[in-house]
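A quick note: this is a predicted structure, and the numbers were derived from the prediction, not measured.
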Amino acid sequence: MQGRKNYTEKLFLSFRLSDRVPKDNLYGKLRETLDLSFIYKDTKELYGNTGNPSIDPVVFFKLLITGYLENITSDRKLVEHCSMRMDVLYSLGYDLDEELPWHSTISRTRQLYPESLFEKLFNKVFALCVDSGMVSGHTQAVDSAPIKANASMESVVPKMPATPIDSHLKKVSEENGANGQKQAKTVSPAHITAPEHELKRVEKHHRNLREGPVRLVGGFHKKARLLSNKTHYNPHDPDLPAGKHVPTYR
């Protein structure tokens, strides 16, 4: 016969989260391995001696870690997600019948801490992961997304050789006695730092494109130019060459 599971909610008389979280669970390992008690000392000066108790700083940073691991950027969704996960509740030190902090409390606490504190604590937590064997150190991965630079191609200018331009600028400065204010207003050209074999490879690639039987779309236009990040740059934003796809790291 067909079975049917009937559910009637009831009060648990004997229940422990530690019994329900598997031994190899990630959040269970984080609870047992990472000692974040140092956070109390590093954040103590940011709190006063009066008023209502704040959210536990350790709980706050554990919530941020959870949001990173679960790829959750909304504080509201983070609280909803954590409240439904027994392993996360166990890692946070909350029981099933305990309410998690409000999402607005998490947002206000994030604004309270300076950016330097987040970097300092990140380095400490990373060191703890390394010491506990959670990071092997032989593999590094970077998450990136290609974006197109928002810059005009007509504003791109060629880079100058490093040594000659330095000598020339130094000589001009000495002969004309240019003061610091005028030099500060001058946009320094970017120098070519690519090795010679890389520049030859770029030159050969451009020559093949020009002489090839199939021309690029728009290649016959009078303003068409073949550019490379190794030979050209945008003076308004030298780190973001025009018309190129560059990785954005997060």
Side-chain angles (χ1 to χ4, degrees), residues 9 12 15-48 51-148 245-250:
E9 189 173 9
F12 292 102
F15 181 87
R16 292 195 308 176
L17 281 175
S18 57
D19 295 335
R20 296 288 178 171
V21 178
K23 298 298 182 183
D24 58 347
N25 179 267
L26 173 61
Y27 292 100
K29 290 184 177 180
L30 289 176
R31 176 186 170 91
E32 297 174 358
T33 305
L34 296 182
D35 181 12
L36 304 181
S37 58
F38 65 89
I39 293 178
Y40 295 118
K41 179 180 179 181
D42 292 342
T43 60
K44 185 177 181 179
E45 62 180 11
L46 299 174
Y47 295 93
N52 296 325
S54 69
I55 179 178
D56 188 319
V58 173
V59 173
F60 169 75
F61 280 98
K62 283 187 176 181
L63 284 169
L64 296 188
I65 294 175
T66 304
Y68 176 77
L69 295 175
E70 302 290 336
N71 196 24
I72 301 176
T73 57
S74 169
D75 292 335
R76 186 189 298 271
K77 292 182 178 180
L78 177 61
V79 173
E80 293 177 354
H81 178 81
C82 293
S83 63
M84 295 185 296
R85 291 278 299 270
M86 289 191 297
D87 55 347
V88 176
L89 290 175
Y90 177 64
S91 175
L92 296 174
Y94 277 74
D95 219 327
L96 289 176
D97 58 346
E98 290 185 277
E99 291 287 341
L100 290 175
W102 283 53
H103 63 87
S104 58
T105 302
I106 301 175
S107 301
R108 289 196 300 268
T109 304
R110 184 184 289 106
Q111 297 173 3
L112 170 67
Y113 295 156
E115 182 178 351
S116 58
L117 178 63
F118 285 95
E119 295 178 355
K120 179 181 179 181
L121 296 180
F122 172 82
N123 292 333
K124 285 189 176 182
V125 172
F126 183 77
L128 288 175
C129 293
V130 174
D131 295 338
S132 61
M134 302 178 69
V135 180
S136 61
H138 61 78
T139 302
Q140 182 179 11
V142 177
D143 185 16
S144 64
I147 61 172
K148 191 172 184 178
H245 285 78
V246 297
T248 299
Y249 302 103
R250 60 178 183 269

Asks: State which residue, out of Leu128, Val59, Leu30, fulfils the side-chain contact (heavy atoms from CB on, under 4.5 Å) condition with Leu36.
Replies: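 Between Leu36 and the candidates, side-chain contact (heavy atoms from CB on, under 4.5 Å) is satisfied uniquely by Leu128.
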
Asks: Sub-3.5 Å donor-acceptor pair from the side chain of Asn123 to the main-chain atoms of Glu119, do we have one?
Replies: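 Pair found, side chain donor or acceptor close to backbone of Glu119.
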
Asks: Got a second to check how far Glu80's CD is from Ser74's OG, nearest 0.5 Å?
Replies: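 Rounded to the nearest 0.5 Å, the CD-OG separation comes out at 7.5 Å.
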
Asks: Please report the interatomic distance CG(Asp75) to CG(Leu64), rounded to the nearest 0.5 Å.
Replies: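 Answer for the CG-CG pair, Asp75 versus Leu64, is 8.0 Å.
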
Asks: Arg110 and Phe60: side-chain contact (heavy atoms from CB on, under 4.5 Å), yes or no, with the steps?
Replies: CA-CA 9 Å; Arg110 184 184 289 106; Phe60 169 75; 4.0 Å; yes

Asks: Kindly indicate whether the side chain of Ser91, heavy atoms from C-beta on, has any atom under 4.5 Å from the side chain of Leu26.
Replies: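 A side-chain contact under 4.5 Å is absent here.
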
Asks: Is any side-chain heavy atom of Asp95 less than 4.5 Å from a side-chain heavy atom of Leu89?
Replies: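 Of all side-chain heavy-atom pairs linking Leu89 with Asp95, none is under 4.5 Å.
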
Asks: Using every non-hydrogen atom in the two residues, find where Thr109 and Thr105 come nearest and quote the distance to one decimal.
Replies: OG1-O, 2.7 Å

Asks: Identify whether the distance between the nearest side-chain nitrogen and carboxylate oxygen of Lys124 and Asp42 falls below 4.0 Å.
Replies: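 Answer for the salt bridge query: yes.
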
Asks: Supply the atom-to-atom distance Tyr27 OH to Lys62 NZ, rounded to the nearest 0.5 angstrom.
Replies: 12.0 Å

Asks: Would you say the side-chain atoms of Arg31 pair up with the backbone N or O of Leu92, donor to acceptor, closer than 3.5 Å?
Replies: no

Asks: If I take atom NZ from residue Lys77 and atom SG from residue Cys82, how far apart are they, to the nearest 0.5 angstrom?
Replies: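 It is 14.0 Å, given to the nearest 0.5 Å.
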
Asks: Quick one: closest heavy-atom pair of Leu78 and Ile72, and the distance?
Replies: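 In this case the closest contact between Leu78 and Ile72 is N-CG2, 3.7 Å.
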
Asks: Whether Arg20 and Asp87 form a salt bridge (side-chain N of Lys/Arg under 4.0 Å from carboxylate O of Asp/Glu) is what I want to check.
Replies: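 The answer is no: the pair does not qualify as a salt bridge.
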
Asks: Answer whether the closest heavy-atom distance between the side chains of Tyr68 and Thr73 falls below 4.5 Å.
Replies: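 Side chain of Tyr68 against side chain of Thr73, heavy atoms only: no contact under 4.5 Å found.
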
Asks: Given Val125 and Phe38, is the side-chain contact (heavy atoms from CB on, under 4.5 Å) satisfied, shown in steps?
Replies: CA-CA 10 Å; Val125 172; Phe38 65 89; 4.3 Å; yes

Asks: Does Phe118 have more than 12 heavy atoms from other residues, nucleotides or ligands lying within 6.0 Å of its CZ?
Replies: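 For Phe118, atom CZ is crowded (more than 12 foreign heavy atoms under 6.0 Å).
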
Asks: Can you say whether the rings of Phe61 and Tyr113 are parallel (under 30°), tilted (30 to 60°) or perpendicular (over 60°)?
Replies: parallel

Asks: If you apply the rule side-chain hydrogen bond (donor to acceptor under 3.5 Å, both in side chains), what do you find for Tyr40 with Asp56, and how did you get there?
Replies: CA-CA 9 Å; Tyr40 295 118; Asp56 188 319; 2.9 Å; yes

Asks: Would you say Tyr47 and Pro57 make side-chain contact, with heavy atoms under 4.5 Å?
Replies: yes

Asks: Leu46 and Pro114: which non-hydrogen atoms are nearest, and at how many Å?
Replies: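 Closest pair (atom of Leu46, atom of Pro114, distance): CD1-CD, 4.0 Å.
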
Asks: I need the His81 NE2 to Leu63 CG distance, nearest 0.5 Å.
Replies: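 If I round to the nearest 0.5 Å, the distance is 11.0 Å.
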
Asks: Hey, could you give me the CZ/CG distance between Arg16 and Leu96, rounded to the nearest 0.5 Å?
Replies: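 So the gap between those two atoms works out to 13.5 Å.
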
Asks: Just so I know, are the side chains of Tyr94 and Glu99 near enough to count as touching, which here means a heavy-atom distance under 4.5 Å?
Replies: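 Not in contact.
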
Asks: Near Glu98 CD, under 6.0 Å, is it more than 12 heavy atoms from other residues, nucleotides or ligands?
Replies: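 Yes, because the 6.0 Å sphere around CD of Glu98 holds more than 12 heavy atoms from other groups.
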
